[in-house]
Number of protein chains: 2
Amino acid sequence: MLSKSGKYAIRAVLYISNHSNKNNKIGSKEIANKLHIPAPFLAKILQELTKKEIISSVKGPHGGFYLSQKNNNKTLFDIIDCIDGIQKFENCFLGQEECNENKPCVIHHLYVPFKNKLLSKLKTKTIVEMAIEYSKNNNFFDFVKLNE
Amino acid sequence: MLSKSGKYAIRAVLYISNHSNKNNKIGSKEIANKLHIPAPFLAKILQELTKKEIISSVKGPHGGFYLSQKNNNKTLFDIIDCIDGIQKFENCFLGQEECNENKPCVIHHLYVPFKNKLLSKLKTKTIVEMAIEYSKNNNFFDFVKLNE
DNA sequence: CAAATAAAAGATAAAAAAGTCTTTTTATAT
DNA sequence: ATATAAAAAGACTTTTTTATCTTTTATTTG
């Protein structure tokens with residue numbers, strides 16, 4: 001469903017949210033190491049996210065990535081749209097050229113409700129909310145949340 | 001979610017079910033033309049499906065593809081597993097390394113119920129059933145259903 | 001200001017997926 | 001039997017995705 005790039009992006013943004021802040025930025029290499037993502041590949045992805053202002057970055061010594069307050073209110077949807085494009089969810093699951101209420105494919109009535117719930121979740125779930133939820137579920141003992 | 005190959009496979013099998021039978025086989029080129037699929041690429045896919053006995057074929061003049069009674073009782077799941085492999089549905093939707101009831105990703109509780117319903121549908125939906133359903137929904141005026 | 005550091009940019013490479021072409025095999029009809 | 005038609009097999013090409021490497025630019029700190 002999502003590409004590797006898209007999945008890497010989500011995990012990286014989560015990591016940034018939970019492990020850095022404006023006064024304590026984190027480098028792409030460190031994120032890549034911790035998340036087992038090829039470092040130069042992740043760097044490219046973070047570049048894209050920065051360009052679309054979903055995350056923030058600063059060059060030079062003690063530079064790195066962090067999330068501004070504005071970034072924190074971006075949604076999962078924004079990340080996915082930036083890296084994968086959101087169009088992919090609109091195509092028929094089974095690849096039929098026409099697929100709608102009148103001419104539904106065999107799993108149309110399963111897929112569409114899921115897709116709608118999914119999209120509405122992606123659009124409302126902000127990065128902070130997601131990061132908090134994630135850190136709870138994953139018992140980050142090293143959890144730091146000091147953005148701005 | 002599904003690859004192009006997987007989607008082509010499903011559409012082609014449907015087409016075979018609705019447009020051929022043991023005494024009236026259909027060629028890969030004709031299927032490709034009707035479904036707007038690159039012909040040699042589809043030929044490869046049909047070859048795979050034949051090898052795994054999901055569809056049947058006969059070489060030579062008036063040869064082509066058709067579905068035996070046994071083929072007709074294969075499921076959507078069989079087609080997808082043959083071409084795409086079914087493992088892909090088991091991975092976390094957001095790509096988190098660990099994702100389960102104890103450590104769910106943000107959309108785990110949306111995705112898992114969908115996945116379960118999907119897999120059970122794919123496993124129970126036979127090719128004939130699907131073909132009949134499809135031909136109803138799509139008002140095939142040229143619908144012929146004479147298998148065996 | 002100079003040195004160091006880290007992201008940005010861009011060029012290149014490898015792998016996978018999608019698509020094409022050619023030759024071989026086999027069943028059928030004449 | 002032979003010619004023919006169609007799938008099977010396999011080699012090859014293109015495109016997309018994933019991954020790597022090098023150079024440039026910006027920022028911070030001494």
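Lettering of chains follows the sequences in order, A, B, ..., and the numbering in each one begins at 1.
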**Message:** Could you check whether atom NE2 of A/H109 has more than 12 heavy atoms from other residues, nucleotides or ligands sitting under 6.0 Å from it?
**Reply:** yes
dist A/I55:CD1 -> A/D78:CG (nearest 0.5 Å) comes out at 13.0 Å
From NZ of A/K52 across to P of C/dA8 the rounded distance in Å is 14 Å
Of A/P61 and A/K51, the one whose nearest nucleotide on DNA chain C sits closer to the 5' end is A/P61
**Message:** For B/I127, is there any backbone N or O sitting under 3.5 Å from a side-chain donor or acceptor partner on B/N72?
**Reply:** no
Quick tally for nucleotides 14-24 of chain C: nucleotides whose base has a protein heavy atom under 4.0 Å get B, sugar-phosphate-only ones S, the rest -, giving ----BBBB---
Rounded to whole Å, CD of B/E53 lies from C1' of D/dA7 at a distance of 16 Å
Sorted by position of nearest nucleotide on DNA chain D, 5' first, the leading residue of B/G63 and A/K25 is B/G63
Any side-chain donor-acceptor pair under 3.5 Å between B/S56 and B/N71? yes
Bend of the helix from C/dC1-D/dG30 to C/dT30-D/dA1 from end-axis comparison, five pairs per end, nearest 10°, comes to 0°
Between CG of B/L49 and C1' of D/dA8 the distance, given in whole Å, is 14 Å
| message | For A/K44 and A/E48: C-alpha separation, side-chain torsions, deciding distance, then whether salt bridge (Lys or Arg N to Asp or Glu O under 4.0 Å) applies. | response | CA-CA 6 Å; A/K44 279 286 165 199; A/E48 293 289 304; over 6 Å; no
Query raised in the report: Heavy atoms under 4.0 Å, any strand shown: does A/G60 hit a base, just sugar-phosphate, or nothing?
Result: base
CD1 (A/I26) and NE2 (A/H19) are apart, to the nearest 0.5 Å, by 7.0 Å
State whether B/Y66 and B/K22 meet the cation-pi test: NZ (Lys) or CZ (Arg) under 6.0 Å from the six-membered ring centroid, and within 45° of the perpendicular axis.
-> no
So NZ of A/K115 and CG of A/L110: to nearest 0.5 Å the spacing works out to 13.5 Å
Here the distance between atom P of C/dA7 and atom CD1 of A/I16, to the nearest Å, is 10 Å
Exercise. Hey, is the side chain of A/S28 poking within less than 4.0 Å of OP1 or OP2 on C/dA7, counting only N and O atoms?
Worked result: yes
Salt bridge or not between A/E133 and A/K125? Use side-chain N to carboxylate O under 4.0 Å.
yes
A/E48 atom CD is separated from D/dT17 atom P, nearest whole Å, by 13 Å
Please determine whether a side-chain nitrogen or oxygen atom of B/S57 lies at a distance below 4.0 Å from atom OP1 or OP2 of D/dA8.
yes
Of the candidates D/dT27, C/dA29, C/dA9, the side chain of A/Q47 sits closest to C/dA9
Between CZ of B/F65 and P of C/dT26 the distance, given in whole Å, is 16 Å
Rounded to whole Å, CD1 of A/I31 lies from P of C/dA6 at a distance of 13 Å
Rounded to whole Å, the CG-C1' distance (A/N23 to D/dT27) equals 16 Å
